[in-house]
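In what follows, a single structure is set out as structure tokens and then discussed.
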Amino acid sequence: MAENKILEEVISRFDFPGSFVESVPYGSGHINDTYRLTFDTEEGRKRYILQRMNRSIFLQPVELMENISAVTSWLRKKIREAGGDEERETLNIISARDGRPYYQDSSGEYWRVYLFIEGATSYDMVKSDSDFYQSAVAFGHFQRMLADYPAETLHETIRDFHNTVKRFENFKKALEADAYGRARYVQEEIAFVLEREKLCHRLCDLQESGELPLRVTHNDTKLNNIMIDDQTGKAICVIDLDTVMPGLSLNDFGDSIRFGASTGAEDERDLSRVSFDPHLYEVYVKGFLEGCDGALTEKELDMLPDGAILMTFECGIRFLTDYLEGDHYFKIHREDHNLDRTRTQFKLVKDMEDSYPSMKAVVEKYK
Ligand code: ADP
Ligand code: GN1
Ligand code: MG
């Protein structure tokens, strides 16, 4: 069915106010299909986010929405108690006409609707220290607000999502299969991964032994998963809650560094423009520790730099695996897009390995 026909069907299953104006593809996420919907109502224009959840990645969309419903209700209560604005400081699910927090269309796809957070922007690149600092405080604060949430009641929306050891094993399987005959083009990148097999265990082993605590974490803490208020410049809302699960605080910290403390974009082709930015790293450490407000253990603090290296390495492995498997996971917008992404990640890993002692010193300074 044509996309606009499907959209028409889906929109009719939600109780939107006023008259429909438009639906526009929106944002630059790699996973879901996102649209911005506009309606004209007596009180003026109202906008919403409509998303088709990626079913090949999220195998249990109903459980996923159970997680998001539960976590956002929890957050709404905390925001209310703190005198905040519940409609802007967390995602707000709009239920379908049948009362469910999603709609399954006639072809089996799952859709959901959120209130559109007005007057705020999600940035793909760090434009100022302040935005990055703000995102750090917000992700730290997010973790703190969920610190007393019963983590064991959440579904694991993607099994072994940040299990770097499993990611390494999957990479080796993709390499052995070499289904697209691409391995010969990426020998250097393959060697980079294989040389670091031991590194993959660094956090997983400590998680298993219980030396690192399991917490409710976001697991996808890119800068563009934070909405920054256009007026105040403050980070107001953490979005993209698909991967909220029990996990390691170090992964949340690390993913932000991977994406934000870089001088280049995640998919920059010119590697001379991509390097680890120690200044932005420091800005983030300061904000994150303020946001966590004493919630992290000594061991977690000690290993924050490892979280940054591991998440960057793991993401590079995932991009390279997807390249070898024919680009079926991450959305690509050009040939070799996943390979370009792989290369930026490995460049950052190399830089961070070289900066490891100073990264540790920065944590000491702010802890
Ligand atoms: P993906 O998993 O594909 O990254 P996201 O949930 O992050 O999908 O949404 C993609 C983009 O849509 C975000 O980066 C943001 O720009 C925008 N977006 C998502 N939810 C909202 C919202 N409630 N209000 C305004 N913009 C939003
Ligand atoms: C995906 O959904 P999005 O674009 O925010 C991915 C993350 C990766 C990221 C790399 C569910 O995030 O794990 O780190 O791309 N999300 C999922 O940019 O796999
Ligand atoms: Mg996103």
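Counting starts at 1 for both ligands and their atoms, in listed order. All values below were derived from every heavy atom in this structure, side-chain atoms included, with hydrogens, water molecules and symmetry-related copies excluded.
Nearest protein heavy-atom contact of atom 1 (P) of ligand 1 is D240 OD2, 3.5 Å. The closest protein non-hydrogen atom to atom 5 (O) of ligand 2 is D220 OD2, 2.9 Å. For atom 10 (C) of ligand 1, the nearest protein heavy atom (residue, atom name, distance) is T34 OG1, 3.8 Å. Closest to atom 13 (C) of ligand 1 among all protein heavy atoms lies I239 CD1, 3.7 Å. In terms of protein heavy-atom proximity, atom 24 (N) of ligand 1 is nearest to I117 N, 2.9 Å. From the protein, the heavy atom lying nearest to atom 13 (O) of ligand 2 is R318 NH1, 2.8 Å. The protein heavy-atom contact nearest to atom 11 (C) of ligand 1 is G27 CA, 3.9 Å. Protein heavy atom nearest atom 3 (O) of ligand 1, with residue, atom name and distance: N32 N, 3.0 Å. Among protein heavy atoms, atom 22 (C) of ligand 1 sits closest to I49 CG1, 3.5 Å.
Residue N224 has at least one N or O atom closer than 3.5 Å to an N or O atom of ligand 1. In terms of polar-atom proximity, R112 is not counted as a contact of ligand 1, lacking any N or O under 3.5 Å from an N or O of the ligand. Residue L115 has at least one N or O atom closer than 3.5 Å to an N or O atom of ligand 1. Any N or O atom pair closer than 3.5 Å counts here, and N224 shares no such pair with ligand 2. Between Q51 and ligand 1, at least one N/O pair is under 3.5 Å apart. Polar contact check, S122 against ligand 1: a nitrogen or oxygen pair lies under 3.5 Å apart.
Look at F259 and you'll find every heavy atom at least 4.0 Å from all atoms of ligand 2. Residue contact annotation: D242 has no non-hydrogen atom under 4.0 Å from ligand 2. The shortest heavy-atom distance from M311 to ligand 2 is not under 4.0 Å. Residue contacts with ligand 1 include M227, since one of its heavy atoms falls under 4.0 Å from the ligand.
Residue contacts with ligand 2 for N225 involve side-chain atoms from C-beta outward but no N, CA, C or O (heavy atoms, distance under 4.0 Å).
Classification of the F171-F168 ring pair by plane angle, with boundaries at 30° and 60°, yields tilted. Aromatic ring pairs are classed by plane angle as parallel below 30°, tilted from 30° to 60° and perpendicular above 60°; the pair F142 and H218 is perpendicular. Relative ring orientation between Y110 and Y102 is described as tilted, the plane-to-plane angle lying within the 30° to 60° band. Relative ring orientation between F253 and F288 is described as tilted, the plane-to-plane angle lying within the 30° to 60° band.
Residue D240 has at least one heavy-atom neighbour below 4.0 Å for each of these atoms of ligand 2: 2 (O), 3 (P), 5 (O). Distances below 4.0 Å separate heavy atoms of G29 from the following atoms of ligand 2: 4 (O).
With hydrogens and angles left out, the side-chain atoms of E300 and S249 include a donor and acceptor closer than 3.5 Å.
The six-membered or imidazole ring of F116 lies away from that of F39, with a centre-to-centre distance of 6.0 Å or more. Taking the six-membered ring for Trp and the full ring otherwise, the centers of W111 and Y103 sit at least 6.0 Å from each other. Close placement of the Y48 and F16 rings is indicated, their centers lying within 6.0 Å of each other.
Using a cut-off of 4.0 Å between Lys/Arg side-chain N and Asp/Glu carboxylate O, R88 and E118 are scored as not salt-bridged.
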message = Under the criterion side-chain contact (heavy atoms from CB on, under 4.5 Å), I'd like the reasoning laid out for L154 against V71: C-alpha separation, chi angles, the key distance, then a yes or no.
response = CA-CA 9 Å; L154 288 174; V71 165; 3.8 Å; yes
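Within the 2.8 Å limit, D240 places at least one N, O or S atom next to the Mg ion (ligand 3). Taking 2.8 Å as the criterion, N225 counts as a coordinating residue of the Mg ion (ligand 3), since one of its N, O or S atoms falls below it.
Selection from F58, Y329, F330, F319 by nearest heavy atom to atom 17 (C) of ligand 2 gives Y329. Across H162, R258, K222, heavy-atom proximity to atom 14 (O) of ligand 2 is greatest for R258.
When each of L194, I317, L320 is paired with E189, the side chain to side chain contact (heavy atoms under 4.5 Å, CB included) condition holds for L320 and for no other.
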